[in-house]
Amino acid sequence: MMSETSIIKEKILHKGAEAYLYLGTWFGKKVIFKQRIPKRYRTIELDYQIRSKRTINEARALIKAKNYGINVPIVYEIEPNTATIVMQYIEGEKLKDLMTKMNEEKKIEIFRTLGKYIAILHDNGHIHGDITTSNIIVTRNQNIVLIDFGLHENSETIEDKSVDLHLFKRVLISSHGEDYKICYEAFLEGYISQYDDDKKNLCEEIIENIN
């Protein structure tokens, strides 16, 4: 359980429809507190169950992704009773805000890496659910970190994996139209590269089912 002395919430960074993000410290570490907010239109018991379940689901997904070798924030603590995750604060900028400042070579490098990350998730039965350039942080060391697993689901179906990629494709077209072709092609190259020969057919089916 988290105590008063272990938490210092300094300020709100973002108010989302489902959760608030607070910047603060946890036992001396700079962290993010992600807390799912109650919904008045739900009964108290149902609201508690939903927020608690989604909090645990997201935290577990982050922990597993880290174990797969994907750059995601470290989870320090999970508090289901308050629907809160305490996680590592990542120093950097959103990829969305850097797109106009990067050269083509750098964009290709980043999107190839992102493609590999998503393929690793898919191959292990995870659907990110919200792959956008706003959910990718580029650190000062030029590493990319995948964040926000709030819409994560567990699934092994080709359809769910294709939908995950389709939604990402739509984001690129709508938000980064000028860079869409090179970024999407680089993403698919990275994605395909993670599948072993015995799973190439599966990979092809996922991609063919996108459009």
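- Other members of the hydrophobic cluster containing I137, listed by chain and number, are I90, V145, I147; membership follows side-chain contacts under 4.5 Å among ILVMFWY residues, whether direct or relayed.
- Distance alone, capped at 3.5 Å, places no donor-acceptor pair between the T25 side chain and the G28 backbone.
- Between E18 and R36, no side-chain nitrogen of the basic residue sits less than 4.0 Å from a carboxylate oxygen of the acidic one, so the salt-bridge criterion is not met.
- At least one donor-acceptor pair under 3.5 Å links the side chain of S174 to the backbone N or O of V171.
- Proximity of a side-chain donor or acceptor of T84 to a complementary backbone N or O of T82 within less than 3.5 Å is detected.
- Side chains of N143 and N71: no donor on one and acceptor on the other come within 3.5 Å.
- Hydrophobic cluster membership differs between I50 and I85, with clusters built from Ile, Leu, Val, Met, Phe, Trp and Tyr side chains linked at under 4.5 angstrom.
- A donor atom on one side chain and an acceptor atom on the other are found under 3.5 Å apart for Q35 and K9.
- Checked by atom type and distance alone, the side chain of N124 pairs as donor or acceptor with a backbone atom of I120 at under 3.5 Å.
- Put simply, the side chain of K199 reaches to within 4.5 Å of the side chain of D123, judged on heavy atoms.
- When all heavy atoms are compared, the tightest approach of P73 to L146 is CD-O, 3.5 Å.
- A salt bridge between E104 and K107 is absent, with no side-chain N of the basic residue lying under 4.0 Å from a carboxylate O of the acidic one.
- The closest side-chain heavy-atom distance from I192 to K200 is below 4.5 Å.
- Across all their heavy atoms, S155 and D160 have their closest contact at OG-OD2, 2.6 Å.
- Relative orientation of the F149 and H128 rings is perpendicular, given thresholds of 30° and 60° on the angle between their planes.
- Remark: R42 engages D47 in a side-chain hydrogen bond (donor to acceptor under 3.5 Å, both in side chains) (not counting sequence neighbours).
- K64 meets the side-chain hydrogen bond (donor to acceptor under 3.5 Å, both in side chains) test with no other residue; sequence neighbours excluded.
- Listed by chain and residue number, nothing satisfies the ring-ring contact (aromatic ring centres under 6.0 Å, His included) test with Y22 (two or more places apart in sequence, or in another chain).
- Using bins of under 30°, 30° to 60° and over 60° for the plane-to-plane angle, the ring pair Y191/Y195 lands in the tilted bin.
- Residues E93 and V138 fail the side-chain proximity criterion, which asks for heavy atoms closer than 4.5 Å.
- Side-chain atoms of H14 never come within 3.5 Å of backbone atoms of L21 as a donor-acceptor pair (strictly under, hydrogens ignored).
- The shortest non-hydrogen separation linking D179 to M99 is OD2-CE, 3.8 Å.
- Nearest heavy-atom pair, G190 versus K116, reported as atom, atom and distance to 0.1 Å: O-CG, 3.3 Å.
- At least one donor-acceptor pair closer than 3.5 Å links the side chain of N135 to the backbone N or O of D130.
- Among all heavy-atom pairs drawn from L13 and I32, the shortest one is CD1-CD1, 3.4 Å.
- Remark: Q88 engages no residue in a side-chain hydrogen bond (donor to acceptor under 3.5 Å, both in side chains) (not counting sequence neighbours).
- Taking all atoms of both residues into account, the shortest heavy-atom contact from S162 to I210 is O-CG1, 4.1 Å.
- A search for side-chain hydrogen bond (donor to acceptor under 3.5 Å, both in side chains) contacts involving Y68 returns H126, not counting sequence neighbours.
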